[in-house]
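Bear in mind the structure is a predicted one, so any value in this text is a computation, not a measurement.
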Amino acid sequence: MPMIPQLMPAFWGCIKAGCPFIPVFSGFGPAALSVRMEDAEAKLLITADGSKRRNKIVNLKPTCDQVADSVKSIRNVLVTKHLGDVDLDWNEGRDKWWHDIVDSQPDTFETEHMDAEDTVMVLYSSGTTGKPKGTVHTHGGATAQIVKELGFAFDVKPGDRFFWVTDIGWMMGPWQFIGVQHHGATHVIFEGAPNYPEPDKVWEIVERQKITHLGISPTLIRLLMRSGTEWTTKHDLSSLRILGSTGETWDPESYAWFFENVGSKRCPIINISGGTEMVGCLLSPLPITSLKSCTLRGPGLGMDIDVFDDDGKPVRGKVGHLVCKKPCPSFTRGFLKDPERYMETYFSRWPDVWYHGDFASVDEDGFWFLHGRSDDTIKVAGKRTGPAELESALMEHPAVSEAAVIGVPHEIKGQTPVCFVVLQPGTKESEELREELKQQVVKFHGKTLLPQDLKFVDAFPKTRSAKIVRKTIKAKYLGADLGDTSSIENPEAIEAIGKAR
């Protein structure tokens, strides 16, 4: 389903009835949707007659028809009349209109009594190869973790208005729904693109709806920064009390822009990190803690988190592996129908330690920072670095709007960086600028990390939550298997990587 009002009763109706549900991106094609529905043995598929994005109609029902035809467990397709004037194929035995079924129901029905360890939802995490991983979450675990985080980390209270720019297919959708609802605040959800029809769409929503809590991804801020501060200053953003972010590492320039131009230097940035596998946070500030640029401050409340070196020893002052040493309520109970893959993914490196796959560091003042995924690590002549560090250097240059860096094989050095940049509007590509940007990396990180190449592109492949998909960029550049690309909103950008200038 798109992010429309009917999504909320569908979500809570499943929980109340004790029905495990599977949130998915509304932009999925038939293949991506089928593998999830088949793996979960779904019986009911809830959708709409269509959606709109950038003033274009997205036809959802034909996709659902193909999936329902191929997935034998599906008994019914429940369709919301959202757009209205849309011609649809109709399967009389299987398809039901939302208004015919839901409107005739009584106002109340008895809540199922569930065990805390009963499954509440299965969230799918896309893999670079193989089928997506279905992470199993429980009624008690998800509720305990999420409610804690929205209450303590975000100080959500009755009367607040909470808006995270997300899709229900990303864990931040269920995370917002469960946490905000528990604390009696108001949800704000949004169907569409955050920079359409004008770059101030998000700021316009904040002003009109008097948003108190605004959550974004760093990449979205980098995108909106390109349009300039005039789009923020034309709106009254004084209702904002707390800013949130997750999904990626920050660069100092974008972090400062968000803090100064959106939060007016008075709203703390609650920069959190966790994942689909735990539908919650490993690292998180509190509104009362001191902050540095780009920091996540430290372990989330009640979390036993550490940074290990390659030998599994705690390390401070340099980059290491982010780990969790004790369980938390919301850790997935495993991958659906694939317990061995779950154990191999998280517990094979160090016994009884959850290995998350992120690089992190703790500085001399005790502030924690993330440095990207460990499987994105670039190791040049023995020197290990994360893409985010090189991207931050590029972002310091006034000509660069966005940057993505990958490591590619090198016969002598092991790996070498290749950089992709989106230039600021009006900036012309040139060989002089290309060389200047390569030297920008050297200026910050030394000659060892001189990029092998730097490419100009118009856009990066991104998810609907505006996260750059670096693994896909690397696979396309190297001519490797692209893996699961179903969550990418702009697949045309993948082809553009292969033709980067």
Considering residues at least two apart in sequence or located in another chain, which fulfil the salt bridge (Lys or Arg N to Asp or Glu O under 4.0 Å) criterion with [X]?
X: Glu204; value: Lys201, Arg208
X: Asp453; value: Lys455
X: Asp338; value: none
X: Glu41; value: Lys337

Can you see which heavy atom on [X] is nearest to which on [Y], and at what distance?
X: Thr166; Y: Gly173; value: OG1-N, 3.7 Å
X: Ala403; Y: Val421; value: CB-CG1, 4.2 Å
X: Val122; Y: Pro23; value: O-CD, 3.6 Å
X: Gln145; Y: Ser330; value: CG-OG, 3.1 Å
X: Leu237; Y: Val262; value: CD1-O, 3.8 Å
X: Phe162; Y: Leu150; value: CE1-CD1, 3.5 Å

Mark yes or no for whether [X], through its side chain, and [Y], through its backbone, hold a donor-acceptor pair below 3.5 Å.
X: Lys462; Y: Glu489; result: no
X: Thr332; Y: Val136; result: yes
X: Asp167; Y: Met3; result: no
X: Thr212; Y: Arg161; result: yes
X: Ser73; Y: Lys43; result: no

Is it true that, when you exclude [X] itself, more than 12 heavy atoms of the residues, nucleotides or ligands shown sit nearer than 6.0 Å to its [atom1]?
X: Asp87; atom1: CG; result: no
X: Asp85; atom1: CG; result: no
X: Lys16; atom1: NZ; result: yes
X: Arg75; atom1: CZ; result: no
X: Gln105; atom1: CD; result: yes

(message) Under the criterion side-chain contact (heavy atoms from CB on, under 4.5 Å), I'd like the reasoning laid out for Phe25 against Leu33: C-alpha separation, chi angles, the key distance, then a yes or no.
(response) CA-CA 9 Å; Phe25 286 99; Leu33 184 56; over 6 Å; no
Distance (rounded to the nearest 0.5 Å) between [X] [atom1] and [Y] [atom2]:
X: Phe258; Y: Leu243; atom1: CZ; atom2: CG; result: 4.0 Å
X: Leu7; Y: Ile168; atom1: CG; atom2: CD1; result: 4.5 Å
X: Phe163; Y: Ile205; atom1: CZ; atom2: CD1; result: 4.0 Å
X: Phe460; Y: Ile473; atom1: CZ; atom2: CD1; result: 5.5 Å
X: Asn271; Y: Leu370; atom1: CG; atom2: CG; result: 7.5 Å

Could you note down all residue pairs passing ring-ring contact (aromatic ring centres under 6.0 Å, His included) where [range] supplies at least one of them, sequence neighbours left out?
range: residues 181-208; answer: Phe177-His187
range: residues 39-81; answer: none
range: residues 51-78; answer: none

(request) Any chance you could lay out the side-chain contact (heavy atoms from CB on, under 4.5 Å) test for Lys476 and Glu495, step after step, and finish with the verdict? (result) CA-CA 8 Å; Lys476 184 64 179 178; Glu495 293 305 313; 3.3 Å; yes
(request) Check Leu336, Val24, Thr135, Val35 against Tyr124 for a side chain to side chain contact (heavy atoms under 4.5 Å, CB included) and give me the one that passes. (result) Leu336
Set of side-chain contact (heavy atoms from CB on, under 4.5 Å) partners for [X], sequence neighbours left out:
X: Glu198; result: Asp200, Trp231
X: Ser392; result: Asp251, Pro252
X: Leu301; result: Lys148, Phe152
X: Thr138; result: Glu117, Arg333

(message) Can you classify the ring geometry of His371 versus Phe369 as parallel (below 30°), tilted (30 to 60°) or perpendicular (above 60°)?
(response) tilted
(request) Anything under 30° is parallel, anything over 60° is perpendicular, the rest tilted; go ahead and classify Trp164 against Phe154. (result) perpendicular
Within the structure provided, determine whether [X] and [Y] are in side-chain contact (heavy-atom separation under 4.5 Å).
X: Trp175; Y: Ile272; result: yes
X: Glu248; Y: Arg222; result: yes
X: Val202; Y: Leu214; result: yes
X: Ile15; Y: Trp12; result: yes
X: Pro218; Y: Tyr255; result: no
X: Arg470; Y: Glu391; result: yes
X: Glu402; Y: Ile468; result: yes
X: Ile22; Y: Met121; result: no

(message) Could you go through Asp458 and Arg501, starting from their C-alpha distance and side-chain angles, then the distance that decides it, and tell me whether this counts as salt bridge (Lys or Arg N to Asp or Glu O under 4.0 Å)?
(response) CA-CA 10 Å; Asp458 296 324; Arg501 305 173 289 278; 3.0 Å; yes
(request) Let me see the working for His321 and Phe359 under ring pair (Phe, Tyr, Trp, His ring centres under 6.0 Å), right down to the final yes or no. (result) CA-CA 5 Å; His321 305 276; Phe359 275 137; 5.2 Å; yes
(request) Assess whether side-chain contact (heavy atoms from CB on, under 4.5 Å) is satisfied between Asn91 and Asp65, documenting all intermediate values. (result) CA-CA 9 Å; Asn91 185 313; Asp65 289 341; 6.0 Å; no
(message) Go through it in stages, so that I can follow the logic: the residues are His82 and Leu60, the test is side-chain contact (heavy atoms from CB on, under 4.5 Å), and I'd like the CA-CA distance, side-chain angles, deciding distance and then a yes or no.
(response) CA-CA 11 Å; His82 177 49; Leu60 302 177; over 6 Å; no
Donor-acceptor pairs under 3.5 Å, side chain of residues 273-285 to any protein atom, not counting sequence neighbours: which ones?
{"residue": "Glu277", "atom": "OE2", "partner": "Tyr346", "partner atom": "OH", "Å": "2.7"}

